[in-house]
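Whatever order the structure lists them in is the order used to number ligands and atoms, beginning at 1.
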Amino acid sequence: MKNDEAITPESVYLNRRKFIKTGVTALAAAPLALSAPNLLHAAESEDKPTDYEEITSYCNFYELGSRKKDPAKNAHWLKTEPWSVVVDGEVNKPGTVPLETLLKPHTPQDRIYRMRCVETWSMVIPWQGIPLADILKRFEPTEKARYVSFETLLDPDTLKGQERPILEWPYREGLRLDEAMHPLTLIATGLYGKPLPNQNGAPLRLVVPWKYGFKSIKSIVRITLTTEQPYTSWNHHGPNEYGFYANVNPDVDHPRWSQSKERRIGEFFKRDTLMFNGYGEAVAHLYKGMDLKRYF
Ligand SMILES: Nc1nc2c(c(=O)[nH]1)N[C@H]1C(S)=C(S)[C@@H](COP(=O)(O)O)O[C@H]1N2
Ligand SMILES: [Mo]
């Protein structure tokens, strides 16, 4: 895949850094008086976006193969039309997500987020999308809703990765409701100003920038609000290795490797991993009083 003119030039994203810095200053000065837009600008990444080529060719999407280059190569296995996303469970108005409006090229907002994989690589990705909260509110979560469960398409005939029992398919992830409603939590429908490539989770995927990459489930077909903590694929696969919370935390090692450093794709030297992937000012309050070594 090659960059072309349709891609918003990198300079446009880099020019926004000044704007973002203003947000950071505001945050330091008055952390409690923050409006949501300021908080978002503060939390957005000041780092240089990773090349489009890297973002779309170095992927984790086991349904399309388990090596990093497989999802781009096998992207055509995923058929995104027709597509529908059901929202059900603890909501007053169950139904389907209005994809016609959501996937229109000009409706989504730009968000530049740092992403950190539990495998210790990271990227900076200019996403387009809309906050998950804006979607969930339309379905009116009930008073009993406490968690949100997400499911990827199940279709082993075409998604050949699902023929192998690496995980229990379909891929499933979950968030606590307050995490799901946080303004940083995004349903992404594009990157670099272009529709989401299949290998990055078309037509829509979750992005939770303060958590390890596996929380950011791709190619979603179902969102269920629940009263109990939902099943999640990686937690089921290895409960000692992949916690339900999966917050980026340099102090909690994966049992088989350290989480204290990361390699930004495109860079040579490793950098220190930041608590909550650097989004602590925006999200630490969600975990007040919790032992994050126990709830890892
Ligand atoms: N359905 C599905 N979603 C998934 C995965 C997957 O294998 N299947 N991999 C996860 C992991 S481990 C990571 S790090 C991110 C990677 O997103 P990217 O390939 O767009 O960078 O997707 C996450 N979402
Ligand atoms: Mo990951």
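Remark: ligand 1 and Ser216 share an N or O pair separated by less than 3.5 Å (distance only, no angle test).
The shortest distance between side-chain heavy atoms of Asp47 and Arg114 falls below 4.5 Å. Here the side chains of Tyr192 and Gln128 are not in contact, with every heavy-atom distance at 4.5 Å or above.
Only the side chain of Glu63 comes within 4.0 Å of ligand 1, counting heavy atoms alone; its backbone N, CA, C and O stay farther away. Contact annotation for Cys59 and ligand 1: heavy atoms of both the backbone and the side chain come within less than 4.0 Å of the ligand. Only side-chain heavy atoms of Tyr171 come within less than 4.0 Å of ligand 1; its backbone N, CA, C and O stay farther off. Heavy atoms of Arg205 found under 4.0 angstrom from ligand 1 belong exclusively to the side chain. The side chain of Thr152, and not its backbone, has at least one atom closer than 4.0 Å to an atom of ligand 1 (non-hydrogen atoms only; side chain from C-beta on).
Between the choices Leu206, Asn60, Leu167, Ile220, the shortest heavy-atom distance to atom 12 (S) of ligand 1 belongs to Asn60.
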Exercise for review: Quick one: do Phe214 and Tyr242 satisfy side chain to side chain contact (heavy atoms under 4.5 Å, CB included)? Show the steps, please.
Suggested key: CA-CA 9 Å; Phe214 63 89; Tyr242 310 99; 3.8 Å; yes
Exercise for review: Take Trp127 and Leu196, measure what side chain to side chain contact (heavy atoms under 4.5 Å, CB included) needs, and give me the verdict at the end.
Suggested key: CA-CA 9 Å; Trp127 298 107; Leu196 206 57; 3.7 Å; yes
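By the 4.5 Å side-chain criterion applied to Ile, Leu, Val, Met, Phe, Trp and Tyr, Val252 is assigned to a cluster that also includes Phe296.
Distance from atom 15 (C) of ligand 1 to its nearest protein heavy atom, with residue and atom name: Gly213 O, 3.5 Å. Scanning all protein heavy atoms for the shortest distance to atom 7 (O) of ligand 1 gives Tyr62 N, 2.8 Å. For atom 21 (O) of ligand 1, the nearest non-hydrogen atom of the protein is Trp121 CH2, 4.1 Å. The single protein non-hydrogen atom nearest to atom 18 (P) of ligand 1 is Lys218 NZ, 3.3 Å, given as residue, atom name and distance.
Note on ligand 1: Ser219 sits outside its first shell, no heavy atom being nearer than 4.0 Å. Contact analysis leaves Met115 out of contact with ligand 1, as no non-hydrogen atom separation drops below 4.0 angstrom.
Asn198 places a side-chain N or O within 3.5 Å of a backbone atom of Ala75 that can act as its donor or acceptor partner. Put simply, the side chain of Glu90 never gets that close to the backbone of Lys144: no donor and acceptor are under 3.5 Å apart.
Ligand 1 places these atoms under 4.0 Å from at least one heavy atom of Asn200: 18 (P), 20 (O). Against a heavy-atom cut-off of under 4.0 Å, Cys117 is close to the following atoms of ligand 1: 14 (S).
Lys69 meets the side chain to side chain contact (heavy atoms under 4.5 Å, CB included) test with Ser57; sequence neighbours excluded.
Contact record, Lys261 with Thr120: O-CB, 3.7 Å, taken as the closest heavy-atom pair.
No close placement of the Trp210 and Tyr279 rings is indicated, their centers lying 6.0 Å or farther apart.
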